[in-house]
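A single structure is presented below for examination.
Just so it is clear, the model here is predicted, and its values are computed rather than measured. Quick note on labels: first sequence line is chain A, next is B, and so on, each numbered from 1. FYI, side chains are in, hydrogens and waters are out, and symmetry mates aren't considered; it's all heavy atoms of this structure.
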Protein chains: 2
Amino acid sequence: MTGRGRVASGQPTIADVARHAGVAVSTVSYALSGKRAISEVTRIRVLASIRMLGYHPNAGARALASRRANVIALVLPLRSGIQVPVVMQFATAVVTAARRHDHDVLLLTSDEGPEGLRRIAAGALVDGVLVMDVELHDVRVPLLRELGRPSVLIGLPADSCGLTCVDLDFHRAGQVCVEHLAGLGHRRVALLGAPAAVYDRGTGFAHRTRAGVAEAAARHGVDAVTLPCEENAADVRRRVDELFARHPDVSGLVVQNEAAVGPVQAALAALGRRVPQDVSMVAVCPDQFAEHASPRLTSVPVPAEEIGRQAVTLLMRKLADEPAPEVTLLEPRLTVRDSTATAPDGPAEVTFTEDGGPGAAH
Amino acid sequence: MTGRGRVASGQPTIADVARHAGVAVSTVSYALSGKRAISEVTRIRVLASIRMLGYHPNAGARALASRRANVIALVLPLRSGIQVPVVMQFATAVVTAARRHDHDVLLLTSDEGPEGLRRIAAGALVDGVLVMDVELHDVRVPLLRELGRPSVLIGLPADSCGLTCVDLDFHRAGQVCVEHLAGLGHRRVALLGAPAAVYDRGTGFAHRTRAGVAEAAARHGVDAVTLPCEENAADVRRRVDELFARHPDVSGLVVQNEAAVGPVQAALAALGRRVPQDVSMVAVCPDQFAEHASPRLTSVPVPAEEIGRQAVTLLMRKLADEPAPEVTLLEPRLTVRDSTATAPDGPAEVTFTEDGGPGAAH
DNA sequence: GGACGCTGGCGAAGCGCTTCGACAAACCGT
DNA sequence: ACGGTTTGTCGAAGCGCTTCGCCAGCGTCC
């Protein structure tokens, strides 16, 4: 009769622990959760028994009794045009952060659609939901509102009312890139953005970056042309050729597409335009990537790690019924490296440049 | 008193459904699971009630009562040198396949280590485990054996006894690449492999590919030099320069590293070696990538999609207590494209090549 | 025509945990 | 010395589901 739990599943149960430690089941539970005071001696004894028996609480039972699964769902995009490495960074950051809050992560792919979300949430498999790759008019947004489970979006929909969103401030990122180029005297810049499909489906970050670029350009009296850009070498090549055919005086490039950077460099080389002497280039890409390129790229990284961590923290706050801000936008950080220099027909106001190309106007 | 379940969680419970349909709770359960015969009329009525109330079974309760969580764990690598896009492909394939078997996927990262696995498995959060990126002497292998939960490895450890493993037959893949090159008359080939760290930690696929290359080379009287290769442009450049400095007569290249392909092409171009006229190149990379490169690459893809699907199928089989083969190796498939041609000093036995460069021996 | 097997359905006993109320025992201030 | 807290522990009632045993009604076969 004793040790009954072991018979069925092979795992010791909380009852086994209680028996072994000579206390009540509830005492074990409280010793573990700390929700009521338990004397030092008892707690030690309980913990010792737990270790001896190799006890691990049964997740299902715990979820059922406490109405908390200690699992959050992470909805990842699978679509074309996403930046796989960045998504991966998010995912790992989220998993790591969640573990620090004693939660696990259930992986969902967006292609299961809203029905998947509903199933997961209604079935109480997860306590909360993290959604990546949010579009401006995302179908999942109204669903999340109605679902009644805490959620955090990574990305920024058009209407964030009543939601919690975290993202890099891509608008600002676009501005920062242009400001940097403008400061170096570039008067004509281009944004090589995300693939056309990404704009078409209204993905927030692409639109916001473009808007930021346009706005800053207008403010600084810079001409800006923006064009989408696929991720394969051939299309990049075509785009770049076309760009310089139409606007030969473009001297500053913002590339928002890690996968396109290599091909862009190749295309520029083929056109005989040197970086940074003839063309300055700012990339939106991970620092590590920027460091390893040659020349090292002036870049604005997407702080996936931090966004993921923030998202989890906010979700935990909501799970604890604490208030959370609707929108959290992280300030972009531009690191100057070797791919940008003063414009060929340099600006009057720039006095010196350390690594400036021969085009510096002095 | 009635509708009690709705008070606490807002979700209807099975009791609500039973009441609404005018049947017993167990009848609803059986109607849903099909584990006992239920008359057509009753089942229809139950399903109608379910739909009306928007009922979703509570996952925790179900897991507790049935001892089945309907969740599998996926352990993803996070380490350096992994091919992020490929990992992502695996992950999505696994999620999709798992859903088809009515299971969800819990995401674990290897950096939680064995303790994470133990926690998950012992706590019955998951029914089974899928482990990626297995090393030849992986610490997790003994753990998996002792864990007492079904598991499937993606990869192949040195000792697969008592386990279930799925992978591409990388040994064969190495052979196939060399055989293709040898058939085109190349007498001296090189393998640009994974980063050194990957070999150092004994990752199966890297070692097996290398062995396959060496073996096939010996068998066909071809000289083969193999060298590791980091993923940044600078290192690739150095490796390639060095390679051709030491072995100027290398005319066939096997590149097992998607990220290195671009830089390798650049390096070859810089050395004035044309692909495929001077140097033939076979890549181990996704078909899509090979298609978009220029020239289009002769390649052996890693069929992540299929491996993931197989892995899930095998795991489901084990969950159902059916026997599963210890080792499943998928036959590699080489697709000839435009990056390989007959060797510059062409072989006598080759008669014609459609896209062969000027080096064809005729 | 009565013993027999099927089919379809019911009720209740858990699954392993959390949580709540109850309650001794120790600790106060006065 | 005595009511009143506080502290530490126990027991029991679920959480929402699955599953097992049981039984009522049928047709079926000597």
Side-chain angles (χ1 to χ4, degrees), chain A residues 1-46 50 53 55-70 102 122-125 127, chain B residues 1-46 49-50 53 55-70 122-125 127:
Chain A
M1 229 41 89
T2 57
R4 173 115 207 300
R6 319 207 82 210
V7 171
S9 67
Q11 291 311 121
T13 73
I14 198 174
D16 296 320
V17 174
R19 206 172 305 122
H20 186 272
V23 299
V25 163
S26 51
T27 302
V28 176
S29 178
Y30 287 126
L32 238 32
S33 70
K35 294 193 179 174
R36 280 201 187 176
I38 294 293
S39 70
E40 190 67 8
V41 276
T42 314
R43 223 192 50 241
I44 300 283
R45 194 144 42 91
V46 168
I50 287 178
L53 300 178
Y55 166 75
H56 285 264
N58 179 293
R62 189 172 255 195
L64 179 56
S66 68
R67 308 173 156 290
R68 289 300 230 87
N70 273 35
D102 196 32
L125 227 188
D127 305 319
Chain B
M1 228 43 90
T2 57
R4 176 118 204 299
R6 318 207 82 211
V7 172
S9 67
Q11 294 306 127
T13 74
I14 197 174
D16 296 319
V17 174
R19 204 172 305 123
H20 186 270
V23 297
V25 163
S26 51
T27 302
V28 176
S29 178
Y30 287 125
L32 236 32
S33 71
K35 294 195 178 171
R36 281 201 187 174
I38 294 291
S39 71
E40 191 66 8
V41 275
T42 315
R43 223 193 50 240
I44 301 283
R45 193 145 40 93
V46 168
S49 297
I50 286 178
L53 301 179
Y55 166 74
H56 285 264
N58 179 292
R62 187 171 257 195
L64 180 56
S66 67
R67 310 177 152 288
R68 289 302 230 85
N70 273 33
L125 226 188
D127 304 321

Open item on the list: Going by the rule salt bridge (charged side-chain N to carboxylate O under 4.0 Å, His left out), which residues pair with A:Arg68 if we only count those two or more places apart in sequence or in a different chain?
Closed with: A:Asp127
Open item on the list: Output the rounded distance in Å from CZ (B:Arg62) to P (D:dC17).
Closed with: 8 Å
TODO: Specify the closest pair of heavy atoms between B:His56 and A:Gly123, including all atoms of both residues, with the distance to one decimal.
DONE: CB-N, 4.1 Å
Open item on the list: Under 4.0 Å from OP1 or OP2 of D:dG16: is there any side-chain N or O of A:Arg67 that close?
Closed with: yes
Task: Between D:dG16 (P) and A:Arg68 (CZ): distance, integer Å - done: 16 Å
Open item on the list: Without decimals, in angstroms, what is the distance between B:Asn70 CG and D:dC17 C1'?
Closed with: 13 Å
TODO: Check whether any side-chain N or O of A:Arg43 sits under 3.5 Å from a backbone N or O of A:Ala31 as a donor-acceptor pair, and report yes or no.
DONE: no
TODO: Report the stems of DNA chain C as range-with-range entries sorted by first number; a stem here is at least three consecutive pairs, Watson-Crick or G-U wobble, both distances under 3.5 Å, and write none if there are none.
DONE: C:1-30 with D:1-30
- [ ] Rounded off to whole Å, could you give me the CG-to-P distance for the A:Asp16 and C:dG16 pair?
- [x] 9 Å
Open item on the list: By the 4.0 Å heavy-atom rule, please label B:Ser29 as base, sugar-phosphate, or nothing.
Closed with: base
Task: Side-chain donor or acceptor of B:Ser49 paired with backbone N/O of B:Arg45 under 3.5 Å - done: yes
Open item on the list: Nearest 0.5 angstrom please: A:Ile14 CD1 to A:Ile50 CD1, how far?
Closed with: 7.5 Å
- [ ] Taking all non-hydrogen atoms of both residues into account, name the closest pair between A:Thr13 and A:Tyr55 and its distance.
- [x] C-CE1, 3.5 Å
Open item on the list: Taking A:Leu64's backbone N and O only, do any of them form a donor-acceptor pair with B:Asn58's side chain (distance below 3.5 Å, no angle check)?
Closed with: no
Open item on the list: Between C1' on D:dG16 and CG on A:Leu64, what's the gap in Å once rounded to a whole number?
Closed with: 5 Å
TODO: Report yes if a side-chain nitrogen or oxygen of B:Lys35 is closer than 4.0 Å to either non-bridging phosphate oxygen (OP1 or OP2) of D:dT19; otherwise report no.
DONE: yes
Open item on the list: Could you tell me how far apart A:Leu32 (CG) and C:dG16 (P) are, to the nearest whole angstrom?
Closed with: 16 Å
- [ ] For residues B:Gln11 and B:Asp16, report the shortest heavy-atom separation together with the two atoms involved.
- [x] O-OD2, 4.4 Å
Task: Taking every non-hydrogen atom, the tightest pair across A:Ala124 and A:Ala69 - done: O-CB, 3.8 Å
Open item on the list: Measure CG/A:Asn58 against C1'/C:dT18 and give the value in whole Å, please.
Closed with: 13 Å
TODO: To the nearest Å, give me how far apart CD1 (A:Ile50) and P (C:dG16) are.
DONE: 16 Å
- [ ] Give the B/S/- string for nucleotides 8-13 of chain D, one per nucleotide from 5' to 3', where a protein heavy atom under 4.0 Å of the base yields B, of only the sugar-phosphate yields S, and otherwise -.
- [x] SBBBB-
